[in-house]
Structure formats: structure tokens, C-alpha cells
Student: 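One structure coming up, written as C-alpha cells, with questions to follow.
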There are 2 protein chains.
Amino acid sequence: MTGLRERQKADRNRRILEAASTLFGQMGYEAARIDTIAEVAEVSVGTLYNYFENKADLLLAIVSMEVEEVLAQGEVVVARPPETAIQAMSVLIRTYYDHSLVYLTKAMWRSAMAMTIQQPEAPFSRRYRELDAALAAQVCRLIATLQTRGDVRQGIGATALGEMAFNDLNALFTEFILDEDQPLAQLRARLDAHLSAFTTLIAT
Amino acid sequence: MTGLRERQKADRNRRILEAASTLFGQMGYEAARIDTIAEVAEVSVGTLYNYFENKADLLLAIVSMEVEEVLAQGEVVVARPPETAIQAMSVLIRTYYDHSLVYLTKAMWRSAMAMTIQQPEAPFSRRYRELDAALAAQVCRLIATLQTRGDVRQGIGATALGEMAFNDLNALFTEFILDEDQPLAQLRARLDAHLSAFTTLIAT
DNA sequence: CTGCAAAAATGAACTGCTTCAACTTTTTTC
DNA sequence: GAAAAAAGTTGAAGCAGTTCATTTTTGCAG
């Protein structure tokens, strides 16, 4: 693990990710040229392509790091869920939403989403879907907890409910990302409206 | 409307769509070259780009025609919905699902979806989202009918329920499209599982 | 330390979508 | 019906992402 080759490899990987992250943020995903990223990372274009399958793959590596952070934050909420069912759901999903534009722009999200759809077999597309599934599972676990606590009616699996909720909240997020004019506040408002309807359905 | 220029324009448009449709179907979206499409349509590449913004836009024009057909078929179901709530929903959504691979391949769907996300402002992306909204509205209308008929509980707006259901069914469809190995039968099975949970939630 | 094999880096060439300045056709004007 | 204007067509050049044969570097055995 401490061989020269290993260390150089890890370092190049880091430099590429750092360069890409900076440039995507500064000038947007589309405008950032592979040549420029390679130059800033101090590797050749060919080497960059030894480390990442293509440009979108590089972006998805960055997106994945972002989602991993959100997952960790969500874990805190699930561990100690707020009082009411609607509050608990609202706090968890806001954790997701509020974090979404810290490191990434809407354009970056759009490109990342587009790639996972277009090339579902690429390694980082798989990783992205895994993380997405992990987020959905987190929502399911929250609902299961609420069910145990007696805030959500029995008779329907927490997984079924959680996946339904997640799919809905994901759709809201996608619409938010697609509309450059929609502010985060509006996304939050729409979230609350949907959660209100949903919790009415599932409340005891 | 009968000026020479108008007629030539309509004819070129038709020829391009026909050529693209044939080639996408025959050899797949990625493998079909713009040059080839232009050649088959008997126009120059430049002309093709006068009629369509880009390759994906051309694909979306074809996808739109497909969705329009599905919308018309769905209208028949909504006009005379089957006996039970779960049957009604199942029949409507199966109308959507079953029709989806008649003219389009999974790869074509993936490319179309990816483009609407990546370039939301392109004219046919807007059109695609409009059609998507029309499908969602159709589901909402079905639920409203079921509500009037007394099969679905009052107190929650049919639109809220319909949109939630649609987002869920859309997510199922997206997973189907992303997985080249998943057969239509499995999508139908998953649909029934989700609808079962959903109708339990919303039934009177 | 030297030579050899394996691994990795390199960047010029390639690919296929897209653009645009020059050209052609159609319509309008007088 | 000729001339001017408007609309539309054309294909070669441009562009940016990607590939791959060549070169360089690293690890290892003798």
C-alpha cells in the first residue's frame, strides 16, 4: 500500500478530482474542458481517462462524495427522530434538499442525473444508484421507527410506504433541479404540501 | 398553407422523422449517425439542423408521438373505468407500460429521458414534460372519478394522490428502462405490488 | 547495479455532432 | 417579367470528448 506506484496513483486521483471539482464549480460543467482539467491536475488527457471513464463519470465521482455526506447527516436524524411524523419526515428530507446546492450547481446535478440514465452500466452510475437506494432505505427506516412508536398506522410495510414517499420527494427534487428559476424555498414549500398529504394518509 | 415553400418544408420534416425513426429502430440511437439520417432523408446535414436542434431533439420528437398515442389510449380507460379502484389504476398504468416498447427501445427511452434532464429548455424537452404532466393529470382524473364513485376516501385532494401515484409509477418505469434485463412481466408485477399498497392506503 | 517485464503516462490522431459563410431557391415588389 | 429581398439549403471546417500506439517509469530478479 505504501509502494511508490500506489502513492502516485492515489495522488493523481486526488489531483484530478480536485481540479475537476474546482473547474466545474467555477465555470460550470459544460464549459470546463477535459484539457483544462488535465492541465490543472498536472496529468495528461490520456492519464485522466485511465482514472475515469469519461467526463460525466468524473462528475459523478464528485456527486457521490456529496451524497455520502448527506447520508451521514440523515443518519443523525433517523437515530433521534423529531416529535411528530410530519416533522420527522420534513426534517430528514430538508437535510437532503438543503445540502444539495452546497458543492454542486443545478447544472451539475442535471448532468449527473442524465448520465446515470444514459449509461446505467458505467461504474459511477451504479454507485450513484446505490447511494440513491441508501437514501430511500434511510427514509424507510425512519417510517419503520415512526411505526414502532405508533405514529404511523400498521398493516402496510414501512418499505412500501418509504419507497413511495422517496419516489415522490425525488420527483420534487428533479423538478427543482430542472427549473433554474425555482428557489430552494419553493422546493421546501412543495415538500411540506406533499408531506402533509402523505402523513394524513399514513397517520394513525 | 399551400405555398411551394410550405409544402417542401412539411415534406422534409416528414422525411427526416421517418429516416430517424427507421434508423434508430434498426441500429439503435447511439449507432445511428446524423450523416446517415440526413442521407436517407435526402437532405443535407445543415438542413437537418434547421429542423431539429440536435440529435436528441430529433429522438424526442419521435418519443412525443409515442406518448401522444398512449395519452389517447388512456383517455378511453378514464372515460369508462373498470370496477374496482385497484383494477382501474392497474388497467390505466398497464396501458402506459405495455405501449412503451412498441416503437421505442429501452436505449431510446434512456437517451430521451437523459436529454430532457440535461437540456430542459430545448423545445422538445418542454414538450416531453408537457406530455408527462398530461399523463399525470390523466391519473389524477381517474382518481377523482373513483372518489366521486365512492371507491376512494374523501378528505385528500385527488390531485395530491394522483401526483404521488404517478411519481411512484414513473420511478418504476425508469428502473425498468435502466435495466436491460428486466422483462415487462416484472414491471407489471412490481406495479401490482405498489398499487396494492397504494389502494389500501386510499380505499374507503 | 543491470536488465527485463509489467504497469502506467502520454498526446497526436480520430470520431461524430454541430456550426456558419457561401450559395440556391422562392417570394415579393414594381 | 426582371430585380431585389427573404427564406432556406449546403457541406466543409470546427470543436471537444475519446482512443490507442508509443514512450516512460516502476518493480523485481539475478
Side-chain angles (χ1 to χ4, degrees), chain A residues 1-17 19-20 23-24 27-62 107-108 111-112 114-115 118-119 121-125, chain B residues 1-17 19-20 23-24 27-62 107-108 111-112 114-115 118-119 121-125:
Chain A
M1 201 24 152
T2 50
L4 174 58
R5 184 158 276 171
E6 310 263 358
R7 268 182 290 124
Q8 281 184 333
K9 223 160 135 176
D11 197 53
R12 285 205 184 89
N13 196 74
R14 190 190 50 71
R15 288 209 309 272
I16 293 171
L17 280 174
L23 288 170
F24 287 161
M27 60 206 304
Y29 172 75
E30 304 285 352
R33 302 283 150 239
I34 291 286
D35 289 9
T36 317
I37 297 170
E39 209 173 311
V40 172
E42 294 181 309
V43 295
S44 72
V45 174
T47 298
L48 192 152
Y49 275 90
N50 276 346
Y51 285 77
F52 298 90
E53 287 218 340
N54 52 42
K55 192 182 177 184
D57 194 35
L58 184 50
L59 172 64
L60 275 181
I62 296 164
M108 284 164 80
S111 297
M115 174 187 190
Q118 181 115 46
Q119 306 180 39
E121 300 312 314
F124 277 104
S125 292
Chain B
M1 203 21 151
T2 50
L4 173 58
R5 184 157 277 173
E6 310 261 0
R7 269 181 290 123
Q8 283 183 330
K9 224 159 134 175
D11 198 52
R12 285 203 184 90
N13 196 74
R14 189 189 51 71
R15 288 209 309 272
I16 293 172
L17 281 174
L23 289 169
F24 288 161
M27 60 205 304
Y29 172 75
E30 304 284 352
R33 303 281 149 241
I34 291 286
D35 288 9
T36 316
I37 297 170
E39 210 173 310
V40 172
E42 293 181 311
V43 295
S44 72
V45 174
T47 299
L48 192 152
Y49 276 89
N50 276 346
Y51 285 78
F52 297 91
E53 288 218 340
N54 51 43
K55 193 182 175 182
D57 194 34
L58 183 51
L59 172 63
L60 274 181
I62 295 164
M108 284 164 80
S111 297
M115 176 187 187
Q118 181 116 46
Q119 306 180 38
E121 300 312 315
F124 277 102
S125 292

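Here is the naming used below: chain letters follow the sequence lines, and residue numbers restart at 1 for every chain.
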Student: Take atom CD of E53(B) and atom P of dC20(C), then tell me their distance rounded to the nearest Å.
Tutor: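 It is 14 Å, rounded to the nearest whole Å.
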
Student: Are the side chains of E30(B) and M108(B) in contact, using a 4.5 Å heavy-atom criterion?
Tutor: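 Side chain of M108(B) against side chain of E30(B), heavy atoms only: no contact under 4.5 Å found.
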
Student: Please output the side-chain donor-acceptor pairs of residues 39-51 of chain B that fall under 3.5 Å, not counting sequence neighbours, one pair per line with the distance.
Tutor:
| residue | atom | partner | partner atom | Å |
| --- | --- | --- | --- | --- |
| S44(B) | OG | T47(B) | N | 3.2 |
| S44(B) | OG | T47(B) | OG1 | 3.1 |

Student: Within 45° of the six-membered ring axis of F24(A) and under 6.0 Å from that ring's centre, is NZ or CZ of K55(A) located there?
Tutor: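 No, K55(A) and F24(A) do not form such a contact.
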
Student: If I take atom CG in residue D11(B) and atom C1' in nucleotide dG8(D), what distance separates them, rounded to the nearest angstrom?
Tutor: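 Rounded to the whole Å, the gap is 15 Å.
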
Student: Given atom CD1 of I34(B) and atom P of dA12(D), what is their separation to the nearest angstrom?
Tutor: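 Rounded to the whole Å, the gap is 17 Å.
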
Student: Within the structure provided, determine whether N13(A) and F52(A) are in side-chain contact (heavy-atom separation under 4.5 Å).
Tutor: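 N13(A) vs F52(A): side chains touch.
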
Student: For the residue pair R14(A) and K9(A), establish whether any side-chain heavy-atom pair is separated by less than 4.5 Å.
Tutor: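 No, every pair of side-chain atoms sits at 4.5 Å or beyond.
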
Student: Check whether any side-chain N or O of Q8(B) sits under 4.0 Å from OP1 or OP2 of dG8(D), and answer yes or no.
Tutor: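 No, Q8(B) has no side-chain N/O under 4.0 Å of OP1/OP2 on dG8(D).
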
Student: Treat primed atoms plus P, OP1 and OP2 as sugar-phosphate and everything else as base, then score nucleotides 1-6 of chain D 5' to 3': B for base contact with protein heavy atoms under 4.0 Å, S for sugar-phosphate contact only, - for none.
Tutor: ------

Student: Write down the distance between CD (Q118(B)) and P (dC17(C)), rounded to a whole number of angstrom.
Tutor: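 So the CD-P distance, Q118(B) to dC17(C), works out to 16 Å.
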
Student: Under 4.0 Å between a Lys/Arg side-chain N and an Asp/Glu carboxylate O for D11(A) and R7(A)?
Tutor: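 No, D11(A) and R7(A) are not salt-bridged.
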
Student: Heavy atoms, side chains only, cut-off 4.5 Å: are L58(B) and E53(B) in contact?
Tutor: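 With C-beta onward as the side chain, the pair stays apart.
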
Student: Which whole-number value in Å describes the distance from N54(B) CG to dG17(D) C1'?
Tutor: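 Rounding to the nearest Å, CG of N54(B) and C1' of dG17(D) are 16 Å apart.
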
Student: Regarding N54(B) and Q119(B), do their side chains bring together a donor and an acceptor under 3.5 Å, going by distance alone?
Tutor: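 The answer is yes; a qualifying pair exists.
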
Student: Are any non-hydrogen side-chain atoms of M115(B) and L59(B) less than 4.5 angstrom apart?
Tutor: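 They are not in contact (no side-chain heavy atoms under 4.5 Å apart), so the answer is no.
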
Student: Under 4.0 Å: is that the gap between some side-chain N or O of K9(A) and OP1 or OP2 of dA8(C)?
Tutor: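 It does, given that an N or O in the side chain of K9(A) lies less than 4.0 Å from OP1 or OP2 of dA8(C).
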
Student: Specify the separation, in whole Å, of atom CD of E30(B) and atom C1' of dT18(D).
Tutor: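 Whole-Å distance recorded here is 14 Å.
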
Student: With respect to the phosphate group of dT9(D), does any side-chain polar atom (N or O) of R12(B) fall under 4.0 Å of OP1 or OP2?
Tutor: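 Yes, within the criterion.
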
Student: Please list, by residue number, the residues of residues 42-52 of chain A whose heavy atoms come closer than 4.0 Å to an atom of DNA chain D; answer none if no residue qualifies.
Tutor: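 Residues of residues 42-52 of chain A that come under 4.0 Å of DNA chain D are, in numerical order, V45(A), Y49(A).
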
Student: Please report, rounded to the nearest Å, how far the C1' atom of dC17(C) is from the CD atom of Q119(B).
Tutor: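 Taking CD of Q119(B) and C1' of dC17(C), I get 12 Å after rounding.
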
Student: Nearest-Å distance, CZ (R7(A)) to C1' (dA8(C))?
Tutor: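 Distance check: R7(A) CZ to dA8(C) C1' gives 16 Å.
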
Student: For A38(A), which contact category applies under a 4.0 Å heavy-atom criterion: base, sugar-phosphate, or nothing?
Tutor: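 Answer is nothing: A38(A) stays at 4.0 Å or more from every strand.
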
Student: Counting any heavy atom closer than 4.0 Å, what does A32(B) reach on the DNA or RNA strands: base, sugar-phosphate only, or nothing?
Tutor: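 Answer is sugar-phosphate: A32(B) comes under 4.0 Å of backbone atoms only.
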
